[in-house]
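See below for the structure under consideration.
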Number of protein chains: 2
Amino acid sequence: MKENLTEKRVTSFDVARHAGVSRSVVSRAFTKGAIISDTARAKVLQSADELGYQVNYLARGLQTKHSNLVGIVASALDTPYRARQVRIAAQECIKRGFRPILLTAESAVESEKLTSLLFNYNVAGVIITSAEPSSKIITECNRLSIPIVMVNRGSDISGADCVQMDIDQAGALAYQMLNEAGAHRLAVLMPRVESYSVSGRARAFVDICKKHKTPALVFTSSDQSYTAGLDAAQEIGPSIDTLDGIFCATDLLALGLLDGLRHNWNIKVPENLSVVGCDDIEQASWCSYQLSTIHQDADEQAIAAVNIMLKRIEDPTMATQTYIQNLTPLHRGTTKRPIRK
Amino acid sequence: MKENLTEKRVTSFDVARHAGVSRSVVSRAFTKGAIISDTARAKVLQSADELGYQVNYLARGLQTKHSNLVGIVASALDTPYRARQVRIAAQECIKRGFRPILLTAESAVESEKLTSLLFNYNVAGVIITSAEPSSKIITECNRLSIPIVMVNRGSDISGADCVQMDIDQAGALAYQMLNEAGAHRLAVLMPRVESYSVSGRARAFVDICKKHKTPALVFTSSDQSYTAGLDAAQEIGPSIDTLDGIFCATDLLALGLLDGLRHNWNIKVPENLSVVGCDDIEQASWCSYQLSTIHQDADEQAIAAVNIMLKRIEDPTMATQTYIQNLTPLHRGTTKRPIRK
DNA sequence: ATGAAAGCGCTAACAA
DNA sequence: TTGTTAGCGCTTTCAT
């Protein structure tokens, strides 16, 4: 309990001595693609195992100029879609030999400050999937030439790669699904606060409605949560007679609305109203909801983000690219079945 | 585009020169509690700001023998309870000046391998909240004297601090809630695979039922998910006449069971059957479920875990401790109201 | 209060 | 193929 000081970390030097070679050889034994004889490697690996040696990545990173740390900046981590996205992204990073530092950014100031923390670690790249924008982060990353990819954040900002859903397609699909369900008096429910993909898909829907001469009513919610959807029902309930189809900008919002409408206003879905959500979170498929929605693949998105990031790490001169993700419509129980069988 | 090589990271040396001081002074300016004159600090900070200098934590860690990196090992990150737990833990770590490396461990072998990766980074501590146990991790952490805290993993393993729910209390509360709802022909639904807190709470319930001479039927599910609960309904539905109260080991399981029973077996809850879950995930409170459950505070748990870890980082000789978390019963819509008003 | 010098553990030329 | 020698960017005695 006292001689804790004996608890020396074993270093490459120790291994070298134990194996009867130089520290360089030890280093090479742990470096992929290094030139070293099989016998030497075997000896080193054996000694390392016996002594319990682990390469110190901090020291290695100091030398090689890059840790294999990457940053994942995410907001609303405890939201179904985001949780999945982050889980897959983290797994993918690990699988590819990187370690993700998780930064949860709930507010703009926060995310600003947090990201700068990443720079302390010489992260090899950053994935941002928080709602909060911050152009300063991009500037900073660019200055340090740290690859950065933004997920569902819009590609207006230059100097960053992007992975995003096709918001126009989302709007079009929502319109189409509602249309197939025979709904023509339309509305949209969207959060008051602006964000690229959520506000974007709602606006795209509004636009396409206008183009088809069936303008949509716009309802706004405090945010994109279930509770916000529930609250919105109080506003939408009274005007239900003027409506037969509504597009909710997120599934969570749709689920809340559904519950509010059914439980507090006794409105039947899809009989009285068709509802379409967006994201396809797990809960949307639950028996009590059977929400018709637009499937956005969180896994695909996360993997694409990691892919692009790694590609840019390898080749920083690569032209910035934008991965636009395809969406698929999912008719479930909240839209009347299309007539054709 | 060519002179990318100019893109030198600015180092303490650059700042020192710019500020007209030595590197030591620069270092001190960024070290809390270091002895340095106010004027010197001001000069350094100013220069650092102008040049865009950030302390390189990798280099610092090399010297000080500890990065302020901590590991969070979590399984099933995209599950509501876990997602919240991890979000809070990550936030708390950051707030306290540490950066969490997120390791998602879905299988035992994986988690084994992953954790060893943490050691490459000299992590200051590890929080494990994955279902998968691995005593080897503990041994290893102990050897390297890395603080480790296990969340809901049982405290049999010595050498690690623990944060866990009170499984006996959970069993007792479940019994009590069901009892208050007038249920006396009881059952429990639990995952087939063993895990400390989930299996534990179910077993505690079985035990207390036995003690009260109202033995509980045991149903098992493939895992702890919604789908598993839904499937379990197929098994439980037929024997519903022999039952009037069931405790589901997780909320997700309860929600699935509820849906299966209502939609496929037309069973009324709570009229025909009282259901109690455990965890209190957000979805349990949704209108369509109104699940009566046992509230386990994810935030408290996460914060406690971080607290203990940091405490041990400061004082490694501290006796290992176990934080037992208090639970609260939550009567909602799936248990008949207690008679007394 | 400040500066000089010696590493932390590792990798990367360069020799051998 | 291997060993030797310099550092990577920082902190930290120890003088001053």
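Chain A is the first sequence line, chain B the second, and so forth, proteins listed ahead of strands; every chain is numbered from 1.
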When you measure from every atom of DNA chain D, which of residues 45-53 of chain B have a heavy atom less than 4.0 Å away?
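Residues of residues 45-53 of chain B that come under 4.0 Å of DNA chain D are, in numerical order, Tyr53(B).
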Close residues, residues 32-41 of chain A, relative to DNA chain D [heavy-atom separation under 4.0 Å]:
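By residue number: Ile35(A), Ile36(A), Ser37(A), Ala40(A).
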Checking all strands, does Val21(A) fall into the base, sugar-phosphate, or nothing category for heavy-atom contacts under 4.0 angstrom?
sugar-phosphate
Who pairs with Arg60(B) by side-chain hydrogen bond (donor to acceptor under 3.5 Å, both in side chains), at least two apart in sequence or on another chain?
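None.
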List for me each residue that meets side chain to side chain contact (heavy atoms under 4.5 Å, CB included) alongside [X], sequence neighbours excluded, and say none if there are none.
X	value
Glu92(A)	Lys95(A), Arg96(A), Ile303(A), Val306(A)
Leu103(A)	Val73(A), Ile101(A), Leu114(A), Leu118(A), Ile94(B)
Thr139(A)	none
Asp315(A)	Thr317(A), Met318(A)

For a quick test of reading the model: is some side-chain N or O of Ser12(B) closer than 4.0 Å to OP1 or OP2 of dC10(D)?
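The answer is yes; a side-chain N or O of Ser12(B) sits under 4.0 Å from OP1 or OP2.
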Compute the angle between the rotation axes at the two ends of the helix from dA1(C)-dT16(D) to dA16(C)-dT1(D), each taken over five pairs, rounded to 10 degrees.
30°
When you compare the protein's N or O atoms with those of nucleotides 4-6 of chain C, which come within less than 3.5 Å of each other, and at what distance?
from: dA4(C); atom 1: N6; to: Ser24(B); atom 2: OG; distance (Å): 2.8

Test salt bridge (charged side-chain N to carboxylate O under 4.0 Å, His left out) applied to Arg99(A) - qualifying residues, sequence neighbours left out:
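Partners of Arg99(A) by the salt bridge (charged side-chain N to carboxylate O under 4.0 Å, His left out) criterion come out as none, since no residue qualifies.
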How long is the line joining CG of Asn68(A) and C1' of dT11(C), in whole Å?
14 Å
Scan the side chains in residues 34-42 of chain B for donor-acceptor partners under 3.5 Å anywhere in the protein, sequence neighbours excluded, and list what turns up.
from: Ser37(B); atom 1: OG; to: Thr39(B); atom 2: OG1; distance (Å): 3.3
from: Ser37(B); atom 1: OG; to: Ala40(B); atom 2: N; distance (Å): 3.2

Under the salt bridge (Lys or Arg N to Asp or Glu O under 4.0 Å) rule, what pairs show up with a residue in residues 16-25 of chain A, not counting sequence neighbours?
Asp14(A)-Arg17(A)
